[in-house]
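Before I ask anything, here is the structure I am working with.
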Amino acid sequence: MTKLKCLLLILIFLPSFSFAQGTNIALGGLDVDATAAIEIASDNLAIDQATGRAEFNGNVVIGQGALRLSANKVLVTYNADGSEISKLEAFGGVTFVTATDAAEANSAIYSLQNETIVLTGDVLLTQGASAISANEMVINLKTETAQMNGRVRTILQQSGN
């Protein structure tokens, strides 16, 4: 269970991209300061204030401390008054990386309202030599649970191997 918990913790850093409220988030052996500056780089940025959306396109990399999220496109949707992010969607070659862990998927949707992260399409989570893959992974941040769906395959490397 410890390996699975460590693999899932990599995805919990995503809320820090929009909440940065002064808490530390532990990912495996890495302690991440959620108040650290957030840097976003992309080839293009389009903002539509009428719809409350920002679209980052091309080689998108979002970083906070030692954490990185990369994708071909990231859509950020704000709530009605534009004061908070309500949803973040990443598409194409989505990768979450820390110093020791990684998660990959075709797309990821983080809903702040529902407190969920849904990874879809060739989901792969790795920590060292251990890995879990599936077609979809649904993470409930409120209950700290995760559900893997669609031909789940797990490889847990034992210590010393």
Next on the checklist: Checking Arg53 against Val76 for the side chain to side chain contact (heavy atoms under 4.5 Å, CB included) test, could you report, in this order, the C-alpha distance in whole Å, the side-chain angles of both residues, the deciding distance, and whether it holds?
Outcome noted: CA-CA 6 Å; Arg53 293 182 72 150; Val76 178; over 6 Å; no
Item to check | Heavy-atom check, side chain of Phe91 versus side chain of Leu75, under 4.5 Å | outcome: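 Of all side-chain heavy-atom pairs linking Leu75 with Phe91, at least one is under 4.5 Å.
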Next on the checklist: Determine whether Ser133 and Arg153 satisfy the following criterion, side chain to side chain contact (heavy atoms under 4.5 Å, CB included), listing intermediate values before the conclusion.
Outcome noted: CA-CA 5 Å; Ser133 65; Arg153 181 172 178 201; 3.5 Å; yes
Next on the checklist: Is there a path of hydrophobic side-chain contacts, each under 4.5 Å between heavy atoms, that joins Tyr78 and Val60?
Outcome noted: yes
Next on the checklist: Could you walk me through whether Val138 and Asn149 satisfy the side chain to side chain contact (heavy atoms under 4.5 Å, CB included) test, starting with their C-alpha distance in whole Å, then the side-chain angles of each, then the deciding distance to 0.1 Å, before giving a yes or no?
Outcome noted: CA-CA 8 Å; Val138 179; Asn149 302 307; 4.3 Å; yes
Item to check | Single-linkage hydrophobic cluster Ile155~Leu125, side-chain heavy atoms < 4.5 angstrom | outcome: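 No.
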Checklist entry - Is the shortest heavy-atom distance from the side chain of Thr126 to the side chain of Glu104 under 4.5 Å? => result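 No, every pair of side-chain atoms sits at 4.5 Å or beyond.
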Item to check | Residue pairs fulfilling salt bridge (Lys or Arg N to Asp or Glu O under 4.0 Å) with at least one residue in residues 121-138, sequence neighbours excluded | outcome: none
Checklist entry - Do you know the tightest heavy-atom contact between Ala131 and Leu124? => result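 Shortest heavy-atom separation between Ala131 and Leu124 comes out as CB-CD1, 4.1 Å.
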Item to check | For Thr120, all residues meeting side chain to side chain donor-acceptor pair (under 3.5 Å), sequence neighbours excluded | outcome: Ser107
Next on the checklist: Do Thr77 and Glu89 make a side-chain contact, defined as non-hydrogen atoms from C-beta onward lying under 4.5 Å apart?
Outcome noted: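 With C-beta onward as the side chain, the pair touches.
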Next on the checklist: Quick one, Phe56 and Ile40 - any side-chain contact, counting heavy atoms below 4.5 Å?
Outcome noted: yes
Checklist entry - Once you round to the nearest 0.5 Å, how far does OH of Tyr110 lie from OG1 of Thr116? => result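 Spacing of OH (Tyr110) from OG1 (Thr116) equals 8.5 Å.
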Checklist entry - Do Leu69 and Val94 have side chains that get closer than 4.5 Å, going by heavy atoms? => result yes
Item to check | Close side-chain approach of Ile62 to Arg68, heavy-atom, < 4.5 Å | outcome: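 With C-beta onward as the side chain, the pair stays apart.
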Checklist entry - Are Leu88 and Ile47 co-members of a hydrophobic cluster defined by side-chain heavy atoms under 4.5 Å apart? => result yes
Item to check | N/O donor-acceptor pair under 3.5 Å between Ser42 side chain and Asn59 backbone | outcome: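 Checked: no pair found.
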Item to check | Any side-chain heavy-atom pair of Val74 and Glu55 under 4.5 Å | outcome: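 With C-beta onward as the side chain, the pair stays apart.
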